[in-house]
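Take a look at the structure below.
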Amino acid sequence: MKICSKVFMITRMSANIYGMANAPTIAPDRLSEVKRKPYPNYKVIVLNDDFNTFVHVADCLTKYIPGMTGDRAWELTNQIHYEGQAVVWIGPQEPAELYHQQLRRAGLTMAPLEAA
């Protein structure tokens with residue numbers, strides 16, 4: 001019993017001398033330190049030009065932009081003609097690049113992709 005009490009006494013003295021805590025160390029929660037940023041959306045913008053017809057622009061929009069109705073395609077085509085440009089789709093970068101490329105290959109004049 002005397003040996004055990006001496007070991008306890010030495011350990012307790014060491015803790016006081018070296019500033020060691022008696023409580024267990026708790027690591028910080030790493031999940032609270034991570035800040036997740038959502039990926040930015042991109043705008044697909046069609047520009048006005050002097051060689052594409054209204055019908056061709058409207059047809060391309062309905063063909064390549066998912067969910068595009070004929071009425072909405074005509075509204076955007078008029079906006080392109082009278083205002084010089086129209087944002088025809090906004091969304092994640094990868095599909096934005098695809099739609100941009102498809103419309104450009106179909107002959108439409110495209111603005112560079114830009115973050116929304």
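Throughout, numbering of the chain's residues begins at 1 and tracks the sequence.
Both Ile65 and Leu113 are assigned to one and the same hydrophobic cluster, defined by single-linkage of ILVMFWY side chains at heavy-atom distances under 4.5 Å. By the criterion of side-chain heavy atoms lying less than 4.5 angstrom apart, applied directly or through intervening Ile, Leu, Val, Met, Phe, Trp or Tyr residues, Ile45 is not grouped with Tyr64; the two fall into different hydrophobic clusters. Following chains of ILVMFWY side-chain contacts shorter than 4.5 Å, one can reach Leu98 starting from Val88, so the two form part of one hydrophobic cluster. Cluster membership for Val44 and Leu47, using ILVMFWY side-chain heavy atoms within less than 4.5 angstrom, is not shared. When hydrophobic clusters are built by joining Ile, Leu, Val, Met, Phe, Trp and Tyr residues whose side-chain heavy atoms come closer than 4.5 Å, directly or via intermediates, Phe54 is not grouped with Leu108.
The distance from the OG1 atom of Thr62 to the CZ atom of Arg72 is 13.5 Å, given to the nearest 0.5 Å. The structure places CG of Asn41 at 7.0 Å from CH2 of Trp89, a figure rounded to the nearest 0.5 Å. For the atom pair OH of Tyr99 and CG of Leu103, the computed distance is 10.5 Å after rounding to the nearest 0.5 Å. A distance of 9.5 Å separates CD1 of Ile90 from CD of Glu114, quoted to the nearest 0.5 Å. We find the OG1-CD distance between Thr77 and Gln79 to be 10.0 Å, quoted to the nearest 0.5 Å.
Looking at His100, its side chain never comes within 3.5 Å of a backbone N or O of Lys43 through a donor-acceptor pair.
Of all the heavy atoms in Ala96 and Tyr42, the pair that sits closest is CB-CB, 3.9 Å. Summarising the geometry of Ile80 relative to Ala86, their closest heavy-atom pair is CG1-CB, 3.5 Å, with the distance given to 0.1 Å. Of all non-hydrogen atoms in Ala73 and Ala58, the two that sit nearest each other are CB-O, 3.6 Å. Nearest approach of His56 to Asn52, heavy atoms of both residues: CD2-OD1, 3.1 Å.
No side-chain N or O of Glu97 forms a donor-acceptor pair with one of Gln101 less than 3.5 Å apart.
By the 6.0 Å contact criterion, CZ on Arg104 is enclosed, its count of non-hydrogen atoms from other residues, nucleotides or ligands being greater than 12.
Every residue two or more places apart in sequence or in another chain that forms a side chain to side chain contact (heavy atoms under 4.5 Å, CB included) with Phe51 is listed here: Asp49, Thr109.
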- side-chain contact (heavy atoms from CB on, under 4.5 Å) evaluation trace for Leu61 with Leu76: CA-CA 9 Å; Leu61 293 178; Leu76 290 170; 4.0 Å; yes
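Counting heavy atoms from C-beta on, the side chains of Val46 and Met110 come closer than 4.5 Å.
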